[in-house]
Number of protein chains: 2
Amino acid sequence: MHTRAADYLRDHGLKATAPRVAIVAVLLKEKRPLSVQDLLDALPKKTADQATAYRSLEAFAEAGLIHRLDLGQGKALYELSEEGEHHHHLVCTSCGKIEDVEDCEVEAFARRALEASKRFAELHHHSLELFGICKDCVKKR
Amino acid sequence: MHTRAADYLRDHGLKATAPRVAIVAVLLKEKRPLSVQDLLDALPKKTADQATAYRSLEAFAEAGLIHRLDLGQGKALYELSEEGEHHHHLVCTSCGKIEDVEDCEVEAFARRALEASKRFAELHHHSLELFGICKDCVKKR
DNA sequence: GTTCTTGCAAATACTTTGCATTGGC
DNA sequence: GCCAATGCAAAGTATTTGCAAGAAC
């Protein structure tokens, strides 16, 4: 199999099985954070079992292929981590709309926080999410 | 009833019922982010039902008395939001240890992100969590 | 008395796990 | 062929909800 999704998987040292290729294909196409349910709904029926989706996503995250987000919705969201790129999100607390914020300045802040801490030895990643109201939802109230 | 917890509740326009006072008392005492289960375990038996805890915490968060955190543990954590203070967290991904990081510099970043966005109208709050390994856990490996 | 809160139990949502089978490499 | 990945079903954990009883004002 030689789709873009399959290559993406192999490039990260992961087996390119049918369910995995299908999942990555959806992530490539949607380009937005998706929940497990979003993913399963977007797949042709029976392409991947729910357990397979959870296990695959965990493997992908470990391999650095995707990022896992927590936007306080009580469920995890996943998005492809494009090479070298690092961004955060604007989240509408009314409708759930998500917009990317490029340009992260947390690194320096994180470095200083680590230096100031007596109990922490290393920092590996961070999450920064901005919550507010989108223009559509402002109109509606 | 005139405990510190009860006053805390009334100051925020909330009824000071027995279960609520008990919950706030635990939050005042522990001074760290607690899960609902943590809270229930810390309460004398039968002080508050689980449903009451969830409903109270939701009301507290809405009133601005507490903050809800999501540290990717699959469950929400709650901590008192002390007046005027605003902080973030260092989280050990190995043992779950949490340390506060005072001194937040996200406001300016958030303002710029909002200005740069075509679709968002207002920003209300944000979350910034730093994930890494604490010194204790570094030793153990 | 009216309204908000609580307890209990059941329901729902998300995620994980055991195990036999399948399939990539 | 070997080992990892999958499907299915069941379990586990977190959170929400319906409803009758109770407490606050």
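Within every chain, numbering begins at 1; the chains are lettered A, B, ... in the order of the sequence lines, protein sequences first and strands thereafter. What's counted below: heavy atoms across the whole structure, side chains too, no hydrogens, waters or symmetry copies. Just so we're clear, the structure is a prediction, and the values are computed from it rather than from any experiment.
- Residue B:Leu65 is tested with B:Leu57, B:Asp11, B:Val24, B:Leu27 for a side-chain contact (heavy atoms from CB on, under 4.5 Å); the sole match is B:Val24.
- Spacing between atom CZ of A:Arg20 and atom C1' of D:dG7 amounts to 14 Å, rounded to whole angstrom units.
- Atom-to-atom, NZ of B:Lys46 to P of C:dG7 comes out at 9 Å; the value is rounded to the nearest Å.
- At least one donor-acceptor pair closer than 3.5 Å links the side chain of A:Thr47 to the backbone N or O of A:Pro44.
- In this structure, B:Leu71 atom CG and D:dA14 atom P are separated by 14 Å, rounded to whole Å.
- Looking at A:Leu128 and B:Phe109, their side chains come closer than 4.5 Å, going by heavy atoms from C-beta outward.
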Quick one: which protein N/O atoms are closer than 3.5 Å to N/O atoms of nucleotides 20-25 of chain C? Pair and distance per line, please.
residue, atom, partner, partner atom, Å
C:dC25, OP1, A:Ala16, N, 3.4

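- Taking the six-membered ring where the residue is Trp, the centroids of B:Phe131 and A:His124 are separated by 6.0 Å or more.
- Side chain to side chain, B:Glu99 and A:Ser117 meet the donor-acceptor criterion of an N or O pair below 3.5 Å.
- A donor-acceptor pair under 3.5 Å links the side-chain atoms of B:Thr93 to the main chain of B:Gly132, judged by distance alone.
- Comparing atom distances between the A:Pro19 side chain and each of C:dC8, C:dT6, D:dT6 picks out D:dT6 as nearest.
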Pull out every protein N or O sitting under 3.5 Å from an N or O of nucleotides 18-22 of chain D, one pair per line with the distance.
residue, atom, partner, partner atom, Å
D:dG18, O6, B:Arg55, NH1, 3.4

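- Between the CG atom of A:Leu39 and the C1' atom of C:dT15 there is a distance of 14 Å, given to the nearest Å.
- A:Leu9 places its CG atom 14 Å from the C1' atom of D:dA4, with the value rounded to the nearest Å.
- Listed for the B:Lys135 side chain is a donor-acceptor partner under 3.5 Å among the backbone atoms of A:Lys118.
- When the C1' atom of D:dT15 is taken as reference, atom CG of B:Asp38 falls 15 Å away, rounded to whole Å.
- Atom-to-atom, CG of A:Asp49 to C1' of D:dA5 comes out at 12 Å; the value is rounded to the nearest Å.
- As judged by a 4.0 angstrom heavy-atom cut-off over every strand, A:Ser35 is placed among residues making no nucleic acid contact.
- Rounded to a whole Å, the CD1 atom of A:Ile23 is 11 Å from the C1' atom of D:dT6.
- Residues B:His88 and B:His126 place their aromatic rings such that the two centres sit under 6.0 Å apart.
- Proximity of a side-chain donor or acceptor of B:Ser56 to a complementary backbone N or O of B:Thr52 within less than 3.5 Å is detected.
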Between protein and nucleic acid, restricted to nucleotides 10-14 of chain C and to nitrogen or oxygen atoms under 3.5 Å apart, what atom pairs and distances do you find?
none

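- Nucleic acid contact class of B:Ala48 (heavy atoms, under 4.0 Å, all strands): sugar-phosphate only.
- The only member of B:Glu102, B:Glu82, B:Glu79, B:His67 that meets side chain to side chain donor-acceptor pair (under 3.5 Å) when paired with B:His87 is B:Glu79.
- Side-chain N or O atoms of A:Ser81 include one that pairs as donor or acceptor with a backbone N or O of A:Gly64 at under 3.5 Å.
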